[in-house]
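Working notes, structure below.
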Amino acid sequence: MLLGTVLVLLLGGATPASAHAALRSTDPDDGSVARQAPRHVTLTFTESVGLLDDSFRVFGPDQRRVPTGEAVHADDRSDTARVALPGKLAQGTYTVAWRVVSADSHPVSGAFTFSVGKRSATTAQVDTGPPEDPLTAGLHVAARYLAYLAAALLVGAVAFALLCRPANTSPLRRPVVAAWWTLLGSTAALLLLRAPYEAGAGPATAFDADALGRTLTGRPGLALLARLVVLLLTAAFLVWLSRRRDRRDRREPVALAVGTALAVGLALTWAAAEHASAGIQVPLAMTSSVLHLLATGVWLGGLVALLLTLRRSSGEDLAEVVPRFSRIAFASVTVLAVTGLYQSWRGLGSLSALTGTSYGRLLLAKLVAVTALLLMAGYSRRWTARIAAPAATARAAVPARVPQPVGAPAEPEQPESPEPTPDDPDDPDAPDTLRRGLRRSVLVEVAVAAVVLLITTVLTGTLPGRAQAEAAQQAPAGALPPTTQATVPFDTGLGSVTGRGKVQVTLDPARVGENGVQAVVYGADTGLVVVPEIRITFSLPSRKIGPIDAEVTDQGGYWGANAVNLPLPGTWTMKTTVRVSEVDQVTVEKKVRIVP
C-alpha cells in the first residue's frame, strides 16, 4: 500500500520529458502544400539521434525515388536530421520515409507527405519498405534476452560463491562457465546484428565490412566492445579464483573488490546504451540502472546458484549458507524496489500512461510478475527460517568452556551425541524434507524470474510513455508552423479496437477563409474503423471567437465538410469529439495554425 501511494504521488506530479527519441516536428509539415519547392527536409526529435546512410528516402509524385544529399544534423543540433532536395521539384505530393537511431540505441522510423503547388491527383501509396526486418528483429531480441539471462546468472552465481561461502562450490562451476560463454556469444551476435538492426535490413548484411565499421564507431557498438573486454577480464578473474582455493581467507577481500568492479563495469555496458543514457537526469538514471541490474543479477542469478547448491550440500552447510543468501536477497529486493520506482517514474511520466501506452502496459505486466516473484520469495523465507532454526539451537546448546586452575579435577566428559537417525518422511522438520521444500519453492522462483527478464527485454525496446507524451505535445502558441494535417489520438477507456485509436484530420488549405475538413478514424490496430459520430469545432481564444462547428458528416469511409469559414489568422484550438457508442465518447484538443 505504501509503495502504491508513493507511486501515485510521484507519477501524478510528473511532467513529460523524453527518454527515447520520438518525432517532434517536420519541415515541411506533414500534409502541407508549399507554394515553392523546399530546399531541405528537416526533422526535429525529442532527443539526440544518430544518422544512417539511408536515413532519408524521398519519393516523388510519380512514385520514383528523388535523389537527395547526405543526411546531416541541422544547425549542429544533435536532435535534428536534415537532407537537401534537388533544385527543381515537380508539382505534386512527395513522400518522405525516414529512419534514425535514438540515443538509447533503438532505431526509430516513420513517413510523412508534403506537396509542392498542389496535391497529386493519384492516391497510390508509395512502398517505403518495412520499418524493420522481422528475422533481424527476432534474432536481436533473442540475443538481448540471452545476454540478460547470462549476465544475471554470471553475476549471481559468483556473488553467491563469494558472499554466501558454501563449502562446496563445484556445483556452480559449469553454470558459471556456461553463462560466460553464452554472454560472450550473445554479445558477439548483437555486435554483428547491430548494423542490419539499425537499417531494418536482413541478417545477411551483418557481415558487410563498411556497416560493421560504422557499428564499431557508434555508442551502442562501443558499449558492446566494452562488454567483450569486461568479459575477458572476468575470465581471467575466474581462473585466478579457481587456482587460489588454498588461500581462501586471504583472497576474499581482494576477490570481492575485483568482482564488484567487474560486475559494475558489466552493468555499465547496458546503462550506457539504453534508456538510462538519454532523457532527463542521465547521471542519476545511469546510477539507478547499474544498481538495478546488479541487484537483479545477485537475486535472480543467486536463486539458480542456491537451487544447485541445495542438491549437493550437506544439511550443516545449508544451515549457514541459506540464511546468508536470504539476507542478501532481501537487500537486493530493497534496491530493486527503490530503483524500479525511480525508473518507472522516469519512463512513464503520468499515471494515464500506465494503461494508455504500450510501455505502461508492459510495466504493469512486469509488476504482476515481480509481485508473484516476491510472494514466492516470502514463501521460501519460511523454509529458510526452518532450515536455520536447528543450527541456531545447536549453537545455543553448546556449553561454554570455563578455564580451570592448575591441579583442578578434570571436567566431566560430555555425553557423546547420539548417532543421527534416518529422516522420518512424515516429520515436517526433517533436514531432507526441509531441503526438498525449499528446492521446490526456489525452482518456481527461478521460472518466474525468467519471465520477468523476458518482459524486461521487451520493455527496454519499447518507447517510454514520457517520450510519447512529449512527441504528442505541440509547440507553444505563436511558434506553431502552418499545418494542414493533424493526428488526434483518443482513448475512451473501453480498451477495444474502436475505443482507442486516432483521428487524422486534414484541413485544406489551412488559411483564412473557407477550408475543407476531412477526418479519417483509425482503430488501435491502425485499421479504418466506423464510429457513430465525429464533431469538430474551432476556437480562437485570443480573439474570443468560436466555437465554430465544422458540421462534418459521414461521407462513407470518412467524415468531411467543404466550407468551414475561419475568418482570422492565428493559432486556433481544434476540438475533436469521437463517439464510439451511444454513451461513450471522448474530446481531444489540438492546436492548428491558420495563416493569412
Side-chain angles (χ1 to χ4, degrees), residues 16 22-25 29-32 110-113 123 349-361 463 465 467-475 477 480 483-508 510 515-541 545-566 571-594:
L23 183 64
R24 187 195 298 273
S25 63
D29 300 307
D30 186 11
S32 63
F112 69 96
T113 63
T123 58
S350 65
L351 279 175
S352 61
L354 272 174
T355 56
T357 64
S358 298
Y359 185 89
R361 290 188 288 272
L463 178 68
Q468 186 169 329
E470 182 169 331
Q473 276 190 333
Q474 294 292 326
L480 288 174
T483 182
T484 56
Q485 191 175 77
T487 300
V488 182
F490 69 90
D491 189 348
T492 62
L494 295 178
S496 63
V497 173
T498 58
R500 186 176 69 253
K502 63 182 180 181
V503 182
Q504 185 170 292
V505 181
T506 301
L507 187 63
D508 186 17
N515 287 264
V517 179
Q518 295 84 35
V520 182
V521 185
Y522 298 92
D525 59 355
T526 70
L528 294 177
V529 297
V530 177
V531 296
E533 183 183 8
I534 289 181
R535 295 194 305 274
I536 299 177
T537 62
F538 297 89
S539 301
L540 186 60
I545 297 177
I548 299 174
D549 192 345
E551 299 182 355
V552 293
T553 57
D554 189 355
Q555 303 293 320
Y558 73 97
W559 293 73
N562 294 324
V564 180
N565 187 24
L566 302 178
T571 302
W572 290 67
T573 299
M574 179 179 69
K575 288 187 177 181
T576 304
T577 300
V578 183
R579 182 165 64 86
V580 299
S581 69
E582 292 298 326
V583 294
D584 297 296
Q585 67 180 37
V586 63
T587 300
V588 183
E589 292 187 1
K590 200 81 170 180
K591 301 293 185 181
V592 294
R593 188 170 179 183
I594 303 300

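Everything numeric here is computed off the predicted structure, so don't read it as measured data.
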Exercise. Which atom pair, heavy atoms only, marks the closest approach of Gln518 to Ala561?
Worked result: NE2-O, 4.4 Å
Problem set entry | Nearest heavy-atom neighbours spanning Met574 and Val505 | SD-CG1, 3.8 Å
Exercise. Measuring from Ile534:CD1 to Thr553:OG1, what's the distance to the nearest 0.5 Å?
Worked result: 11.0 Å
For this session: Assess whether side chain to side chain contact (heavy atoms under 4.5 Å, CB included) is satisfied between Leu507 and Leu566, documenting all intermediate values.
Result: CA-CA 11 Å; Leu507 187 63; Leu566 302 178; 4.3 Å; yes
Seminar exercise, completed: Shortest non-hydrogen pair, Trp559 vs Pro532, comes out as CH2-O, 3.4 Å
Exercise. Between CG of Leu540 and OG1 of Thr573, what distance do you get to the nearest 0.5 Å?
Worked result: 8.0 Å
For this session: Apply side chain to side chain contact (heavy atoms under 4.5 Å, CB included) to the pair Asp30 and Thr113, showing each step before the final yes or no.
Result: CA-CA 5 Å; Asp30 186 11; Thr113 63; 3.9 Å; yes
Problem set entry | Gap separating the CG atom of Asn515 from the CD1 atom of Ile594, nearest 0.5 angstrom | 5.5 Å
Seminar exercise, completed: To the nearest 0.5 Å, atom OG1 of Thr587 lies from atom CD of Glu589 at 9.0 Å
Problem set entry | Euclidean distance, Ile548 CD1 relative to Trp572 CH2, rounded to 0.5 Å | 4.0 Å
Exercise. Atom OG1 in Thr537, atom CZ in Arg535: separation rounded to 0.5 Å?
Worked result: 8.5 Å
